Amino acid sequence: GPAAAMYAGLQELGVANGEDLKETLTNCTEPLKAIEQFQTENGVLLPSLQSALPFLDLHGTPRLEFHQSVFDELREKLLERVSAIALEGKVEERYKKLEDLLEKSFSLVKMPSIQPVVMCVMKHLPKVPEKKLKLVMADKDLYKACAVEVKRQIWQDNQALFGDEVSPLLKQYILEKENVLFSSDISVLHNFFSPSPKTRRQGEVVQKLTQMIGKNVKLYDMVLQFLRTLFLRTRNIHYCTLRAELLMSLHDLEISEICTVDPCHKFTWCLDACIREKFVDNKRARELQGFLDGVKKGQEQVLGDLSMILCDPFAINTLALSTIRHMQDLVGQDTLPRESPDMLLLLRMLSLGQGAWDMIDSQVFKEPKMEAELITRFLPMLMSFVVDDQTFNVDQKLPSEEKGPIPYPSTIPEAFTKFLQENRIACEIGLYYILHITKQRNKNAFLKLLPALVETFSDLAFGDIFLHLLTGNLTLLGEEFALEDFCTSLFDNFFLTACSKKENVHRHVLRLLLHLHHKVAPAKLESLQKALEPTKQSGEAVKELYNQLTEKLELRKPSPAEVTETPSMELPLPTVPTPASR
């Protein structure tokens, strides 16, 4: 029973236990004498105590309580002593002492009172004997009670066991990312990319993994291997974020044992600074280029790792924002993209990041070829959009001779649509350009380019990151939601084309409406409510959001009493939009 467990292993050490006392009492003629003798033989052997014990008996203090308190005191002293031994004397000697201590005490590891001491000894041994590790591993409770220092020694030779420990953390990490992307807070100021890299690295999963790895290069490599495998299996780019965060978390702790052997360390550190500023400045661009140009023959495999670091959405976001900013500067300087080394480097890094999955999958480690058309045709086309907008804004301010306002050039070049469908990098930059004009509240440009988003390269325009950012930026165009043509373009011709096929799009539209429903004209709202009704196939998240929206709209409806008195109340007039400031 449990009592047996409490004293497990004492006999091997020649220490009497309850069984021995039972035996003594069963085979003796004078039980009281036998008990007294057992107490003398097995009590605390201190002469000064012999007279004190009867005194404690008089005060009704049970012997067990006394022995327990002496024992607790001794255990504390022993734990302190073990920790001290681990730090003193010559290395070989101190470990020899600890190994001897482990040899003597290990048989008592199942005794709850002694267990902490055994665990403490193992924790301080850089190499616990294999046999002991196997015994710990075979016993669930012992394994659980082990210090992480001991578990690391077990894990490094048991990838499957380590995988079982890491797997739930990785699931949790992906879930946390998705929760942020679908968060009910929709804002242009606080979005997925708002937290600084330092803040992100304080997250629970990154901290736990960092703790589990310690300074163990073998475990670090295993985690990277898990991340690569999962990235290949799922194509989920959040694994790339974790790859970078983990390295930088070890960097924060100055764990040189790992940082110096990860060939991506300096590149990641430099890119991390760019992500913090959400911009790649000239000086850092040179540095990053130096790393890429410095990949030597025979070391090309590092490109696989670098591409994964560059595929992190936080890196892509920084590179894409920098590309848009750079493009505007080029318009101002009357310079072509192909004449700008910084622009070429940004595109090179975007290509490397976007090619990560293919490179790791094919194991062919060479930089993807940059498509000339991207530089000679696509970017100049975007620059012409910027110029068109500037011209239009100037023209509007000029007193015009003819009657009537100048119409906005609303046709979209066919080449633009084609680029977004066929070229991954063009698509990524095109989407960021659309986010940029939305943030500028440039409704005309937004409506002009929106039709190009219905069919994009691997449906990037219906990806969660883009929709998360777009819904945030659309809050700046809130007043436009009262207009029929705006809503038709945005909902009927864009969102609703994908809602039935893509659950995530359905969720994002509902998020947006929960936030902006009061801006939408009632008739439009009603038809949207019908169009967005969940089907039998819809997941819980969609149903939940739809119910929230329905509740909100119920609250908005005027009560029947009001309606009968004043029928005019039924449809509030759409607010007259003021001309956009741009």
Side-chain angles (χ1 to χ4, degrees), residues 188 320-340 343 374-421 426-454 456 461 466 469-494 516 519 574-582:
V188 76
L321 288 174
S322 302
T323 304
I324 301 295
R325 240 173 89 174
H326 220 78
M327 186 183 77
Q328 289 173 287
D329 294 344
L330 294 180
V331 170
Q333 299 156 4
D334 241 346
T335 312
L336 285 168
R338 59 167 170 243
E339 291 157 11
S340 159
M343 183 61 109
L374 196 60
I375 297 143
T376 58
R377 283 191 61 211
F378 181 71
L379 284 173
M381 188 182 350
L382 281 190
M383 287 165 71
S384 74
F385 293 169
V386 175
V387 176
D388 285 348
D389 281 342
Q390 289 174 351
T391 318
F392 178 74
N393 287 337
V394 173
D395 280 351
Q396 276 202 308
K397 294 188 181 95
L398 294 175
S400 80
E401 298 300 312
E402 309 85 58
K403 298 283 160 273
I406 301 158
Y408 184 81
S410 61
T411 49
I412 177 174
E414 209 175 292
F416 179 77
T417 312
K418 208 163 140 56
F419 264 113
L420 261 59
Q421 287 171 4
C427 186
E428 196 72 65
I429 296 170
L431 292 180
Y432 267 88
Y433 180 68
I434 286 168
L435 290 172
H436 166 74
I437 55 180
T438 316
K439 202 169 183 174
Q440 286 189 321
R441 297 186 165 86
N442 185 342
K443 174 188 106 163
N444 288 325
F446 175 68
L447 290 178
K448 167 175 141 179
L449 298 178
L450 189 59
L453 298 191
V454 178
T456 50
F466 175 69
L469 296 174
L470 181 66
T471 47
N473 289 3
L474 281 170
T475 57
L476 296 173
L477 288 173
E479 299 316 312
E480 308 295 339
F481 282 78
L483 303 178
E484 177 67 36
D485 70 329
F486 183 82
C487 284
T488 303
S489 300
L490 180 63
F491 291 108
D492 304 59
N493 303 342
F494 175 59
L516 287 173
K519 304 269 192 190
T575 48
V576 179
T578 50
S581 56
R582 305 227 20 119

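Treat the numbers as computed from the prediction; the structure is a model and nothing was measured. Along the sequence shown, residues carry numbers from 1.
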Are side-chain heavy atoms of [X] and [Y] found at a separation under 4.5 Å?
X: L435; Y: F466; value: yes
X: T438; Y: L474; value: yes
X: L453; Y: L431; value: yes
X: V454; Y: N493; value: no
X: I324; Y: L321; value: no
X: L420; Y: F378; value: yes
X: T323; Y: Y433; value: no
X: F446; Y: N473; value: no

(request) Report yes or no: does S340 contribute a side-chain atom to a donor-acceptor pair with the main-chain N or O of P337 at less than 3.5 Å? (result)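 Checked: no pair found.
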(request) Give a yes or no on this: more than 12 heavy atoms of other residues, nucleotides or ligands lie within 6.0 Å of atom CD of Q333. (result)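 Yes, enclosed.
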Quick one: [atom1] on [X] to [atom2] on [Y], what's the gap to the nearest 0.5 Å?
X: Q328; Y: L382; atom1: CD; atom2: CG; result: 10.5 Å
X: N442; Y: L449; atom1: CG; atom2: CG; result: 9.0 Å
X: E479; Y: R441; atom1: CD; atom2: CZ; result: 10.0 Å
X: M343; Y: T335; atom1: CE; atom2: OG1; result: 10.5 Å
X: M381; Y: I412; atom1: CE; atom2: CD1; result: 9.0 Å
X: R338; Y: L330; atom1: CZ; atom2: CG; result: 12.5 Å

Where [X] and [Y] come nearest, the two heavy atoms and their spacing:
X: T456; Y: A461; result: OG1-N, 3.1 Å
X: L476; Y: K439; result: CD1-O, 3.4 Å
X: F494; Y: L490; result: CB-O, 3.2 Å
X: L447; Y: S489; result: CD2-CB, 3.7 Å

(request) Name all residues meeting the salt bridge (charged side-chain N to carboxylate O under 4.0 Å, His left out) criterion together with K418; count only those two or more places apart in sequence or in a different chain, and write none if there are none. (result)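 In terms of salt bridge (charged side-chain N to carboxylate O under 4.0 Å, His left out), with neighbours along the sequence ignored, K418 is linked to E422.
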(message) Using the rule given for side-chain contact (heavy atoms from CB on, under 4.5 Å), can you reason through I429 versus M327, listing the C-alpha separation, both sets of side-chain angles and the distance that settles it, and then say yes or no?
(response) CA-CA 11 Å; I429 296 170; M327 186 183 77; 5.7 Å; no
(message) Looking at F385, I'd like to know if the NZ or CZ of K448 sits under 6.0 Å from its six-membered ring centre while staying within 45 degrees of the ring's axis.
(response)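 Yes, K448 sits over the ring of F385.
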